[in-house]
Trainee: 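I have a structure here, written as structure tokens, and I will follow up with some questions on it.
Just so it is clear, the values below take in all heavy atoms, side chains as well, and ignore hydrogens, waters and symmetry mates. Residue numbers start from 1 in every chain, and the chains themselves are labelled A, B, ... in the order their sequence lines are given, proteins ahead of strands.
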Amino acid sequence: MTDANTETTEIRTVSNFLRDQIAEDVRTKKFGDAVVQTRFPPEPNGYLHIGHAKAICLDFGLADEFGGKTNLRFDDTNPEKEEQEYVDSIQEDVRWLGFEWDKVCYASDYFDQLYEWAIQLIKAGKAYVDDLSADEIRQYRGTLTEPGKNSPYRDRTVEENLDLFTRMKDGEFPDGSRVLRAKIDMASPNLNMRDPVMYRILHASHHRTGDKWCIYPMYDYAHGQSDSIEHVTHSMCTLEFADHQPIYRWYIDQLGIFPSQQIEFDRLNLTYTLLSKRRLLQLVQEKHVSGWDDPRMPTLSGIRRRGFTPGALRALCASIGATRTNGSTDIEMLEHFQRDDLNKKARRAMAVLRPLKIVIDNYPEGQVEFVDVQNNPEDPAAGTRQVPFSRELYIEQDDFREVPPPKYYRLSAGKEVRLRAAYFVTAQSVVKDADGNVVEVHCTYDPASRGGNSPDGRKVKSTMHWVSAQHAVSAEVRVYDKLFSKPNPNDFPEGGSFLDNLNPNSLEVIADAKLEPSLAEAKLGAPYQFERVGYFCLDRDTTAEKLVFNRTLALKDTWAKIEKTASGGGAAR
RNA sequence: UGGGCGAUCGUCUAAUGGUAGGACAGUGCCCUUUGGAGGCACUUGUCUAGGUUCGAAUCCUAGUCGCCCAGCCA
């Protein structure tokens with residue numbers, strides 16, 4: 001873990017079967033004196049998302065626990081989909097999460113070795129060149145319930161296979177005309193063992209090897225051997241690869257190379273969240289979001305821009321652990337760890353999203369005083385700041401009701417409340433517009449209550465945030481909600497699409513929020529808590545003329561819950 | 001209907017033959033210069049049916065339900 005990303009958040013780690021397995025292997029010296037070696041093997045064909053964060057935490061975290069090492073390996077065996085842009089973003093994301101790899105590796109680093117091993121397998125009579133078309137191969141493969149049948153080219157001589165494979169490599173044949181296959185068992189109940197394709201012809205330029213190759217190894221032929229070359233002891237991957245373990249082992253056994261061990265765990269699923277590269281890509285391409293780093297996206301770049309933190313992600317991953325059961329983690333769990341992390345670190349500030357002007361009639365016109373406010377009550381070391389107070393202020397529209405509903409503690413006609421760190425004020429009268437909306441509230445203040453306490457000891461039910469009107473800085477604030485309105489975005493009726501589950505209110509732009517002056521100095525990447533409102537961060541769209549903030553997460557809102565229950569909306573979920 | 005994997009509070013997850021525990025969510029109370037944070041309490045669970053055992057979430061048998069696999073993708 002890098003020092004720069006060391007978090008204060010205490011991470012509670014749950015025991016899991018992967019950790020147990022590694023501990024057992026270390027104890028029994030399954031790999032001799034070799035150190036625990038893992039790898040995180042993304043294909044550089046897209047952006048990393050929260051699901052990858054789990055794999056990263058497991059791959060790097062577990063190796064770290066056992067004093068081992070982790071390689072970042074790009075599984076770049078399909079030149080048609082892969083790009084340098086993605087390898088760059090993946091490295092940035094892994095580092096952001098707080099991990100540092102031992103080595104950066106590429107499956108393409110091993111293309112020569114893989115080729116030699118293919119020759120070796122051909123010579124051993126374990127691989128052959130097949131002239132069947134893709135369609136024919138599919139037909140010969142059989143089905144889930146019926147065995148496949150042998151290709152007519154299966155029994156070519158070693159010499160012929162060697163000749164053909166060499167010429168495949170030399171570019172003599174067009175794409176799709178031939179493949180190299182492992183000779184295993186066309187009747188195997190495991191489809192992956194029915195003579196899997198090892199190499200296909202692809203006259204495509206590779207982002208690293210350029211035009212050196214026109215044949216490329218398949219995942220199954222490359223992955224285990226890449227692990228083996230790197231002496232990976234524990235190769236952790238998701239459950240859908242369990243059926244590939246026999247082929248993973250077969251190549252290693254036939255080649256007699258370092259016996260890396262594959263172990264599968266469950267993929268992360270989150271409610272209200274889609275973690276499928278294909279669909280995420282569709283959201284970007286069809287412009288349902290602004291891009292891969294749209295703050296509503298579950299990509300690491302998206303949630304980073306949104307203001308989520310590595311500490312929260314790591315705490316979540318530690319808490320959910322790893323099992324072999326497939327379920328769906330409640331998004332509330334992520335939000336909990338996120339609030340927990342931010343609560344300890346975020347500097348507080350006062351900001352009014354939907355301003356309502358209040359005028360303190362008995363406060364001297366033109367007077368300005370500065371009140372001392374704590375920067376973070378959770379962390380006294382964060383110190384205090386001076387916030388200007390004056391006769392005209394903004395408060396949140398939600399914080400005033402002419403006629404208060406039951407249990408409403410905030411400002412209402414005749415009611416006294418505290419303005420945070422400033423004074424007690426009492427609402428006296430309202431000014432309304434032609435439509436009858438309250439546009440201004442006139443109050444009186446108690447000059448003896450400076451700092452927020454009355455010498456006579458009287459209490460108020462509510463403390464509210466505020467911003468001095470003449471000192472306020474304006475900002476655009478982007479308020480995000482869930483991208484999807486269903487717990488399972490893939491739950492849609494026939495004929496429908498996951499797009500039908502898009503939440504139409506996932507983004508609300510507040511054009512002119514009023515912030516306390518100190519926020520003009522907000523820094524990119526720093527978390528802020530707008531008191532009583534939520535956690536926010538500066539967005540990179542900010543310019544010299546305009547501040548733009550993203551709402552990372554709202555604060556828990558007990559009043560909203562009370563109100564919802566009272567309005568007959570029932571309990572909040 | 002072939003093969004593989006799995007099933008514990010609403011959700012996630014511990015318990016490795018010996019008191020079913022934690023976290024999230026929910027509810028109530030306390031506290032609070034954020035209706036935030038914090039504290040306390042409460043509620044809810046071993047898929048089913050048999051069996052082994054002094055004792056079973058754990059082992060055995062049979063069922064049920066769920067997920068994955070028929071790319072020259074990874």
Trainee: What's the CG-P distance between A:D330 and B:C9, to the nearest Å?
Mentor: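 A:D330 atom CG is separated from B:C9 atom P by 15 Å.
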Trainee: In whole angstrom, give the distance that lies between atom CZ of A:F337 and atom C1' of B:U13.
Mentor: 11 Å
Trainee: By side chain to side chain contact (heavy atoms under 4.5 Å, CB included), which residues pair with A:P189, not counting sequence neighbours?
Mentor: none
Trainee: For the pair made of CG in A:L419 and P in B:U34, what is the distance, rounded to whole Å?
Mentor: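 Atom-to-atom, A:L419 to B:U34, this comes out as 13 Å.
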Trainee: Considering residues at least two apart in sequence or located in another chain, which fulfil the side-chain hydrogen bond (donor to acceptor under 3.5 Å, both in side chains) criterion with A:R532?
Mentor: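 side-chain hydrogen bond (donor to acceptor under 3.5 Å, both in side chains) list for A:R532, sorted by chain: A:D399.
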Trainee: Around atom CZ of A:R267, are there more than 12 heavy atoms of other residues, nucleotides or ligands at under 6.0 Å?
Mentor: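 Not buried by this count: 12 neighbours or fewer within 6.0 Å.
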Trainee: In whole Å, measure the gap between the P atoms of B:C12 and B:A49 for me.
Mentor: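 About 23 Å, rounded to a whole number of Å.
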Trainee: Given atom CE of A:M333 and atom C1' of B:G22, what is their separation to the nearest angstrom?
Mentor: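 To the nearest whole Å, that distance equals 11 Å.
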Trainee: Looking only at atom P, what distance separates B:U46 and B:C9, rounded to whole Å?
Mentor: 7 Å
Trainee: Find every protein N or O atom lying less than 3.5 Å from an N or O atom of nucleotides 15-17 of chain B, and list the pairs.
Mentor:
{"from": "B:A15", "atom 1": "OP1", "to": "A:S15", "atom 2": "OG", "distance (Å)": "3.4"}
{"from": "B:U16", "atom 1": "O4", "to": "A:D20", "atom 2": "OD2", "distance (Å)": "2.1"}

Trainee: When every nucleotide of nucleotides 64-74 of chain B is labelled 5' to 3' by its protein contacts under 4.0 Å (heavy atoms), B for base, S for sugar-phosphate only, - for none, what sequence of letters results?
Mentor: ---SBBBSBBB
Trainee: Using the P atom as the reference point in each nucleotide, state the distance between B:U8 and B:C59 in Å, no decimals.
Mentor: 15 Å
Trainee: Considering only residues two or more places apart or on different chains, which pairs with a residue in residues 372-384 of chain A satisfy salt bridge (charged side-chain N to carboxylate O under 4.0 Å, His left out)?
Mentor: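 Listed by first then second residue: nothing to list.
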Trainee: With rounding to whole Å, what would you report as the distance between B:A56 and B:G38 at their P atoms?
Mentor: 40 Å
Trainee: Return the value, rounded to whole Å, for the distance between atom NZ of A:K564 and atom C1' of B:G26.
Mentor: 13 Å
Trainee: Where each residue is assigned the nucleotide of RNA chain B containing its nearest heavy atom, which of A:G321 and A:Y408 is assigned the position nearer the 5′ end?
Mentor: A:G321
Trainee: Give every residue pair that meets the salt bridge (charged side-chain N to carboxylate O under 4.0 Å, His left out) criterion with at least one member in residues 191-208 of chain A, sequence neighbours excluded.
Mentor: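 Of all non-adjacent pairs touching residues 191-208 of chain A, those that pass salt bridge (charged side-chain N to carboxylate O under 4.0 Å, His left out) are A:D109-A:R208, A:R154-A:D195.
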Trainee: Assign A:Q529 to base, sugar-phosphate, or nothing according to its heavy-atom contacts below 4.0 angstrom with the strands shown.
Mentor: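 Here A:Q529 touches the bases of the nucleic acid.
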Trainee: Once side-chain hydrogen bond (donor to acceptor under 3.5 Å, both in side chains) is applied, do any residues pair with A:S177, and if so which ones, sequence neighbours excluded?
Mentor: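 side-chain hydrogen bond (donor to acceptor under 3.5 Å, both in side chains) list for A:S177, sorted by chain: empty.
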Trainee: Can you check the distance between B:C24 and B:G18, where both ends of the measurement are the P atom (answer in whole Å)?
Mentor: 28 Å
Trainee: Syn or anti for B:G38, given that syn means the glycosidic angle lies within 90° of 0?
Mentor: anti
Trainee: Tell me whether the centres of the aromatic rings in A:Y199 and A:Y221 are closer together than 6.0 Å.
Mentor: yes
Trainee: Please work out if A:K407 contacts a base, only the sugar-phosphate, or nothing of the nucleic acid, heavy-atom cut-off 4.0 Å.
Mentor: base
Trainee: A:V179 versus A:M198: any side-chain heavy-atom pair under 4.5 Å?
Mentor: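 A side-chain contact is absent here, since even the closest heavy-atom pair is not under 4.5 Å.
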Trainee: Run the ring-centre check on A:W559 versus A:Y409 and record whether the distance is less than 6.0 Å.
Mentor: no
Trainee: So which protein nitrogen or oxygen atoms get under 3.5 Å of nucleotides 37-45 of chain B's nitrogens or oxygens?
Mentor:
{"from": "B:A37", "atom 1": "O2'", "to": "A:N343", "atom 2": "ND2", "distance (Å)": "3.2"}
{"from": "B:A37", "atom 1": "O2'", "to": "A:E378", "atom 2": "OE1", "distance (Å)": "3.4"}
{"from": "B:A37", "atom 1": "O2'", "to": "A:E378", "atom 2": "OE2", "distance (Å)": "3.1"}

Trainee: RNA chain B in dot-bracket, Watson-Crick or G-U pairs under 3.5 Å, [ ] crossing, | other strand?
Mentor: .((((((..((((....[..)))).(((((.......)))))....(((((..]....))))))))))).....
Trainee: When the ring centroid of A:F17 is compared with that of A:F265, is the distance short of 6.0 Å?
Mentor: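 No, the ring of A:F17 stays outside the 6.0 Å limit from the ring of A:F265, centre to centre.
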Trainee: Please work out if A:T323 contacts a base, only the sugar-phosphate, or nothing of the nucleic acid, heavy-atom cut-off 4.0 Å.
Mentor: sugar-phosphate
Trainee: Taking side chain to side chain contact (heavy atoms under 4.5 Å, CB included) as the test, write out the residues that go with A:P41, two or more places apart.
Mentor: A:R39, A:D59, A:R73, A:D75, A:H223
Trainee: Mind calculating the distance between CE (A:M464) and C1' (B:U32) to the nearest angstrom?
Mentor: 17 Å
Trainee: Mind checking what makes side chain to side chain contact (heavy atoms under 4.5 Å, CB included) contact with A:R138, not counting sequence neighbours?
Mentor: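 By the side chain to side chain contact (heavy atoms under 4.5 Å, CB included) rule, A:R138 matches A:D135, A:R141.
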Trainee: Would you say the side chain of A:C443 lies within less than 4.5 Å of the side chain of A:T426, judging by non-hydrogen atoms?
Mentor: no
Trainee: Taking the six-membered ring for Trp and the full ring for Phe, Tyr or His, determine whether the centres of A:Y47 and A:Y86 are under 6.0 Å apart.
Mentor: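 Yes, close enough.
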Trainee: Do any side-chain nitrogens or oxygens of A:S319 fall under 4.0 Å of OP1 or OP2 in B:A23?
Mentor: no
Trainee: Within the pair A:K461 and B:U32, is there a side-chain N or O less than 4.0 Å away from OP1 or OP2?
Mentor: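 For A:K461, the contact criterion (side-chain N or O under 4.0 Å from OP1 or OP2 of B:U32) is not met.
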Trainee: Please report the distance separating the P of B:A14 from the corresponding atom of B:U53, rounded so that it comes out in whole Å.
Mentor: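 Rounded to whole Å, the distance is 31 Å.
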Trainee: Tell me, please, which residues at least two apart from A:Q84 pass side chain to side chain contact (heavy atoms under 4.5 Å, CB included).
Mentor: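 For A:Q84 the side chain to side chain contact (heavy atoms under 4.5 Å, CB included) partners, ignoring immediate neighbours, are A:V87, A:D88, A:H207.
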Trainee: Using atom P of each nucleotide, how far apart are B:U16 and B:A57 to the nearest Å?
Mentor: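 These two P atoms come out 12 Å apart once rounded.
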Trainee: Expressed as a whole number of angstroms, how long is the span from A:D341:CG to B:C24:C1'?
Mentor: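 So the two atoms are 16 Å apart, to the nearest Å.
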Trainee: Classify the nucleic acid contact of A:G452 as base, sugar-phosphate or nothing, counting any heavy atom under 4.0 Å across all strands shown.
Mentor: base
Trainee: Pick the P atom in B:U61 and in B:A20, then give their distance to the nearest Å.
Mentor: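 Rounded to whole Å, the distance is 26 Å.
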Trainee: If I take atom CD in residue A:Q374 and atom P in nucleotide B:G36, what distance separates them, rounded to the nearest angstrom?
Mentor: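 About 17 Å, once rounded to whole Å.
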Trainee: Does A:R324 have a side-chain nitrogen or oxygen under 4.0 Å from the phosphate oxygens OP1 or OP2 of B:G6?
Mentor: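 Result: yes.
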Trainee: Measure the spacing between CZ of A:R314 and CD1 of A:I56 and express it to the nearest 0.5 Å.
Mentor: 11.0 Å
